[in-house]
Amino acid sequence: MDCLFCKIINREIPADIVYEDDQVLAFNDIDPKAPTHLLVIPKKHIATLNDLTEEDQTVVGRLPLTAAKVAKDKGFADDGYRVVMNCNEDGGQTVYHIHMHVMGGRRFTWPAG
Ligand code: AMP
Ligand code: ZN
């Protein structure tokens with residue numbers, strides 16, 4: 001499948017992986033927007049949030065669980081952090097394999113741009 005993140009999962013493209021289990025992978029974003037900026041993805045290919053089905057509940061639930069785990073490991077959980085999932089063009093999605101951005105190490109403003 002011609003999907004960038006599936007290729008990272010399959011080790012066809014290198015990435016700076018920070019966490020992996022049987023269902024999810026977390027790696028540093030190649031173009032960080034914060035001192036720590038990583039992406040948490042399901043190992044199952046799901047193109048957008050609109051493509052989720054009931055059977056994806058468990059794996060998708062692991063995305064925020066992993067975000068919080070990594071935030072604790074990296075030491076910014078108590079200070080706070082920002083998680084974002086972009087959907088389709090208006091949401092700013094550029095890679096069509098769902099992913100949770102996890103950004104920490106600075107203060108974020110709201111609303112997002
Ligand atoms: P989005 O715009 O929400 O679809 O986010 C896609 C993210 O993937 C962007 O923040 C990119 O910087 C990031 N990205 C693109 N290619 C790579 C790559 N090879 N390794 C790590 N992150 C990447
Ligand atoms: Zn994929």
Side-chain angles (χ1 to χ4, degrees):
M1 188 186 297
D2 194 23
C3 167
L4 179 66
F5 288 172
C6 283
K7 286 179 179 163
I8 287 176
I9 292 163
N10 295 328
R11 305 303 201 270
E12 292 165 36
I13 289 177
D16 190 6
I17 293 167
V18 301
Y19 177 80
E20 179 170 25
D21 64 27
D22 57 328
Q23 295 191 83
V24 302
L25 187 71
F27 52 94
N28 285 314
D29 195 294
I30 205 166
D31 182 19
K33 303 296 191 290
T36 297
H37 182 175
L38 50 98
L39 303 171
V40 187
I41 66 174
K43 287 189 168 175
K44 176 182 177 184
H45 179 85
I46 303 166
T48 79
L49 287 174
N50 295 335
D51 299 302
L52 289 171
T53 65
E54 293 285 329
E55 72 176 27
D56 297 322
Q57 276 193 75
T58 306
V59 65
V60 171
R62 291 199 68 77
L63 301 181
L65 283 170
T66 305
K69 179 190 163 26
V70 174
K72 286 172 195 158
D73 290 349
K74 297 262 182 197
F76 56 73
D78 288 342
D79 284 342
Y81 52 99
R82 175 67 53 84
V83 298
V84 173
M85 293 183 82
N86 297 324
C87 184
N88 278 341
E89 221 173 310
D90 278 3
Q93 186 172 7
T94 59
V95 178
Y96 282 78
H97 179 131
I98 62 167
H99 47 281
M100 179 171 276
H101 295 259
V102 184
M103 292 170 281
R106 69 172 173 88
R107 185 159 294 197
F108 296 89
T109 58
W110 189 258

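Indexing begins at 1, ligand by ligand and atom by atom, following the structure's order. Counting begins at 1 with the first residue of the sequence.
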Hey, is G92 one of the residues with a heavy atom under 4.0 angstrom from ligand 1?
yes
Are any of the N or O atoms of Q93 closer than 3.5 Å to those of ligand 1?
no
Enumerated ligand 1 atoms positioned under 4.0 Å from heavy atoms of N28:
21 (C)
Minimum heavy-atom separation for H45 to C6, with atom names?
ND1-SG, 3.5 Å
Could you please spell out the steps behind the side-chain contact (heavy atoms from CB on, under 4.5 Å) verdict for L52 and I98?
CA-CA 10 Å; L52 289 171; I98 62 167; 4.0 Å; yes
Check: K33 main-chain N/O paired with R106 side-chain donor or acceptor under 3.5 Å:
yes
Opening angle at the Zn ion (ligand 2) [SG, C6; ND1, H45; to 10 degrees]:
110°
Under 4.0 Å, heavy atoms only, figure out whether ligand 1 is touched by the backbone of V84, its side chain, both or neither.
neither
With heavy atoms under 4.0 Å as the rule, classify the contact between N86 and ligand 1 as side chain, backbone, both or neither.
side chain
Nearest to the Zn ion (ligand 2) - the N/O/S atom of H97, by atom name:
ND1
Show the numbers, then the answer: is there a side-chain contact (heavy atoms from CB on, under 4.5 Å) between V102 and V70?
CA-CA 9 Å; V102 184; V70 174; 5.8 Å; no
Tell me which part of L4 gets within contact of ligand 1: side chain, backbone, both or neither, using heavy atoms under 4.0 Å.
side chain
Shortest heavy-atom approach to atom 11 (C) of ligand 1 - which of L39, D16, D29
D29
With heavy-atom distances below 4.0 Å as the criterion, list the atoms of ligand 1 near D31.
12 (O)
Any chance the rings of H101 and H99 have centres within less than 6.0 Å?
yes
Where is the tightest heavy-atom contact between K69 and Y19, given as atom of each residue plus distance?
CE-CE1, 3.3 Å
Looking only at protein heavy atoms, what sits closest to atom 19 (N) of ligand 1 is I30 CD1, 3.8 Å
With heavy atoms and a 4.0 Å threshold, my read on which part of H99 contacts ligand 1 is side chain
What is the minimum heavy-atom distance between C87 and Q93, and which atoms define it?
CA-OE1, 3.4 Å
Give me the nearest non-hydrogen protein atom to atom 4 (O) of ligand 1 as residue plus atom name, then the distance to 0.1 Å.
T94 N, 2.7 Å
Which heavy atom of A34 sits nearest a heavy atom of F108, and at what distance?
CB-CZ, 3.8 Å
Less than 3.5 Å between some nitrogen or oxygen of V95 and one of ligand 1, yes or no?
yes
Taking only non-hydrogen atoms of F5, do any sit less than 4.0 angstrom from ligand 1?
yes
Spell out, as yes or no, whether a donor-acceptor pair under 3.5 Å connects the side chain of N88 to the backbone of G91.
no
Please answer whether the main-chain N or O of I30 pairs with a side-chain N or O of H37 as donor and acceptor at a distance below 3.5 Å.
no
Below a 4.0 angstrom heavy-atom separation, can you tell me which part of H101, side chain or backbone, both or neither, approaches ligand 1?
side chain
